[in-house]
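Just below is one structure, and these are the notes that go with it.
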Amino acid sequence: LGLEVFGKKPFLQRVVETYKRVKKDSALLLSACSHLLYNKELMASLAESGFDAMLTDPFLPCGPIVALRLALPVVFFLNSLPCGLDFQGTRCPSPPSYVPRVLSLNSDHMTFLQRVKNMLILVSEGFLCNVVYSPYASLAS
């Protein structure tokens with residue numbers, strides 16, 4: 001996904017195709033999570049299993065939602081949280097002028113165009129994160 005954003009297709013076409021792909025994929029994952037949470041038999045079995053904690057990838061919020069439902073502490077195993085939440089949570093500065101975004105493939109020594117690309121990725125992350133994660137709010141509540 002990250003590499004295709006800067007492919008050879010016209011910019012607007014890439015944006016529309018990326019948006020459609022992200023929307024479709026996130027709807028599929030949301031549906032799977034919803035089916036898991038509303039499967040009373042499976043959720044009861046998980047609750048009765050007596051787990052001490054839940055290991056999950058925070059990229060998709062289904063794991064933390066299930067952990068919340070089962071009242072389990074969560075251990076995340078990912079080197080960064082999506083949407084820059086790790087930087088917001090720790091209040092760690094991450095200026096796009098010299099801190100490369102995860103999918104940019106840039107080093108910390110960027111040319112001007114790489115910095116522009118880095119900034120565009122940063123701006124698009126907010127939009128795509130809203131598309132992916134906002135539907136989980138109602139499921140989590």
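Note that the structure is predicted; figures quoted are calculated from it, not measured.
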message = Measuring from atom CZ of Phe59 to atom OH of Tyr133, what distance do you get when rounded to the nearest 0.5 angstrom?
response = 4.5 Å
message = Do Pro64 and Met54 have side chains that approach each other closer than 4.5 Å (heavy atoms only, starting at C-beta)?
response = no
remark   = Minimal heavy-atom distance between Leu139 and Cys33, with the atoms involved, is CD2-SG, 3.7 Å
message = Let's go through Asn106 and Arg101 carefully: what are the C-alpha distance in whole Å and the side-chain angles of both, what is the deciding distance for side chain to side chain contact (heavy atoms under 4.5 Å, CB included) to 0.1 Å, and is it a yes or a no?
response = CA-CA 8 Å; Asn106 292 334; Arg101 301 308 297 169; over 6 Å; no
query = Can you get from Tyr38 to Leu60 by hopping between Ile, Leu, Val, Met, Phe, Trp and Tyr side chains that sit under 4.5 Å apart?
reply = yes
note = To the nearest 0.5 Å, atom CG of Asp108 lies from atom CG of Asn118 at 11.0 Å
task = Measure across Ser107 and Pro100 and return the closest heavy-atom pair with its distance rounded to 0.1 Å.
result = O-CG, 3.8 Å
key: Heavy-atom pair of closest approach, residues Thr56 and Gly63   = OG1-CA, 3.4 Å
request  = State yes or no: do Ile65 and Leu46 share one hydrophobic cluster built from I, L, V, M, F, W and Y residues joined by side-chain heavy-atom distances below 4.5 Å, directly or via other members?
outcome  = yes
task = Could you give me the CA-CA distance, side-chain angles and deciding distance for Phe76 and Asp57, then say whether side chain to side chain contact (heavy atoms under 4.5 Å, CB included) is met?
result = CA-CA 5 Å; Phe76 293 127; Asp57 184 336; over 6 Å; no
query = Are Phe112 and Met110 connected, step by step, through hydrophobic side chains (Ile, Leu, Val, Met, Phe, Trp, Tyr) whose heavy atoms are closer than 4.5 Å?
reply = no
query = For the residue pair Met43 and Leu37, what are the closest heavy atoms and their distance?
reply = CG-O, 3.6 Å
ask   = Would a hydrophobic clustering, with Ile, Leu, Val, Met, Phe, Trp and Tyr connected at side-chain separations under 4.5 Å, put Val116 with Val123?
value = no
inquiry  = Between Leu120 and Lys117, does the side chain to side chain contact (heavy atoms under 4.5 Å, CB included) criterion hold? Intermediate values first, please.
reply    = CA-CA 5 Å; Leu120 290 173; Lys117 173 183 165 184; 5.7 Å; no
request  = Taking all heavy atoms of Pro96 and all of Met119, pick out the closest pair and write down the distance.
outcome  = CG-SD, 3.5 Å
key: Step-by-step side chain to side chain contact (heavy atoms under 4.5 Å, CB included) determination, Leu29 to Tyr136   = CA-CA 10 Å; Leu29 294 169; Tyr136 284 91; 3.7 Å; yes
task = Grab the two heavy atoms, one from Leu42 and one from Asn39, that are nearest each other, plus how far apart they are.
result = N-OD1, 3.1 Å
remark   = d(Leu30 CG, Ser138 OG) to nearest 0.5 Å is 7.0 Å
Inter-residue atom distance Ser49.OG - Leu70.CG, 0.5 Å rounding = 9.0 Å
task = Starting at CG of Asn130, measure out to CD of Glu125 and round the result to the nearest 0.5 Å.
result = 13.5 Å
